[in-house]
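Reminder, nothing fancy here: chain letters follow the sequence lines and each chain counts from 1.
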Protein chains: 2
Amino acid sequence: MRAEIAARSLRRHAPIFAALGDATRLGLLTKLSAGSELSIAQLTAGTPLTRQAITKHLRVLQSAGLVRNVRHGRENCFELEPRRLDEARRALDSISRQWDEALDRLKAFVEK
Amino acid sequence: MRAEIAARSLRRHAPIFAALGDATRLGLLTKLSAGSELSIAQLTAGTPLTRQAITKHLRVLQSAGLVRNVRHGRENCFELEPRRLDEARRALDSISRQWDEALDRLKAFVEK
DNA sequence: CTAACATGCAACCCGGAGGTTGCATAATGA
DNA sequence: TCATTATGCAACCTCCGGGTTGCATGTTAG
């Protein structure tokens, strides 16, 4: 059944959404969306949190594939990985598209 | 600063993403995306979980605005609320758009 | 009217997420 | 070389999320 396949491929994206489901992490992503790579210290500056907390959040984002790290000497810099964002967007698209099609079928049925 | 405003409006969507960040809840949404409202019992059928667990998940989805409930006699039925899905999609758009613009600026700077 | 069905509520359990502190270690700049 | 800077690692704490069980209540079909 096609719906089963869709459900599986959708469930696969749960970790991405979970990674996005935290205000601190969304803040980090917006900082990174400015374009330049930022070190952990730079990403920590301005937040009320500890560097360790930020580090943990970055690990979550990284293992969700939303972010990539590049070492420069003693500093560990992070930059956005926009492919995964597109994946997540597409997943949401798939739900709402399915929904729209269902409404169309319903409408067609009623008007028949 | 424009970036600050963007960051705030993005952080506001954290609860939506958090609600989406669970495989069980994504499964419920796909079931509901078929179009017809479904009772709690119907949504529970086929899952290895208890009715109570499903009920809790539905509450999470509801308080995130992703789902709406309609009572029919003794049964409590749920249906999709697609507006919030669009909101979430738009939020992801805003990040990747900002990212793309940053890359464009960088490219223009290099080629100058 | 009454048995069966669909839920709601509350208490309880457990593991992991989010945070902190303290200490060890690699790189750097003067 | 040496103090400083930027991190990594590990232990620990607290609280909430995901689940279950047991019992009470509202609905419905016969």
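Note on Ala53(A): a base of the nucleic acid sits closer than 4.0 angstrom, heavy atoms only. Within 4.0 Å of Glu75(B), counting heavy atoms only, lie sugar-phosphate atoms of the nucleic acid but no base atom.
Under a 4.0 Å N-O distance rule, the pair Asp86(B)/Arg89(B) qualifies as a salt bridge.
For His57(B) and dG19(D), the shortest distance from a side-chain N or O to OP1 or OP2 is below 4.0 Å. One finds a side-chain N or O of Ser39(A) lying less than 4.0 angstrom from the OP1 or OP2 phosphate oxygen of dT7(D). Contact check, Asn76(B) against dG8(C): a side-chain N or O comes under 4.0 Å of OP1 or OP2. Proximity of Arg25(A) to the phosphate of dA17(C): no side-chain N or O atom is located under 4.0 Å from OP1 or OP2. Of the side-chain N and O atoms in Thr50(B), one or more sit less than 4.0 angstrom from OP1 or OP2 of dT20(D).
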> What do the steps show when you test Glu81(A) against Arg84(A) for salt bridge (Lys or Arg N to Asp or Glu O under 4.0 Å), and what is the final call?
Replying inline: CA-CA 7 Å; Glu81(A) 180 82 72; Arg84(A) 286 298 165 89; over 6 Å; no
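Contact of Arg74(A) with dT7(D) (side chain to base): no donor-acceptor pair of N or O atoms is detected under 3.5 Å. A donor and an acceptor atom sit less than 3.5 Å apart, one in the side chain of Arg51(A) and one in the base of dG8(D).
Between the side chain of Ser96(A) and the main chain of Leu92(A), a donor-acceptor pair closer than 3.5 Å is present. At distances below 3.5 Å, not a single donor-acceptor pair connects side-chain atoms of Ser94(B) with backbone N or O atoms of Arg90(B).
Proximity note for Ala41(A) (side chain, C-beta onward) versus dG19(D), dA6(D), dG8(D): the nearest is dA6(D).
The NE2-P distance, from His72(A) to dT28(C), rounds to 11 Å in whole Å. Rounded to an integer number of Å, the gap from CZ of Arg59(B) to C1' of dG17(D) is 15 Å. At whole-Å resolution of the value, CG in Leu43(A) and P in dT5(D) are 19 Å apart. At whole-Å resolution of the value, CD in Gln52(A) and C1' in dA10(D) are 10 Å apart. Distance, Ile40(B) CD1 to dG26(D) C1': 14 Å, rounded to whole Å. The distance from atom CD of Gln62(B) to atom P of dT7(C) is 14 Å, rounded to the nearest whole Å. The nearest whole Å value for the distance from the CG atom in Leu58(B) to the C1' atom in dG17(D) is 15 Å. Note: CZ (Phe78(B)) to C1' (dG8(C)) measures 11 Å, nearest angstrom.
When each of Ala18(A) and Gly73(A) is assigned the nucleotide of DNA chain C bearing its nearest heavy atom, the one mapping closer to the 5' terminus is Ala18(A). Comparing Cys77(A) and Lys56(A), the nucleotide of DNA chain D nearest to each residue sits closer to the 5' end for Cys77(A).
Nearest heavy-atom pair across Thr44(A) and Leu49(A) is CG2-O, 3.7 Å.
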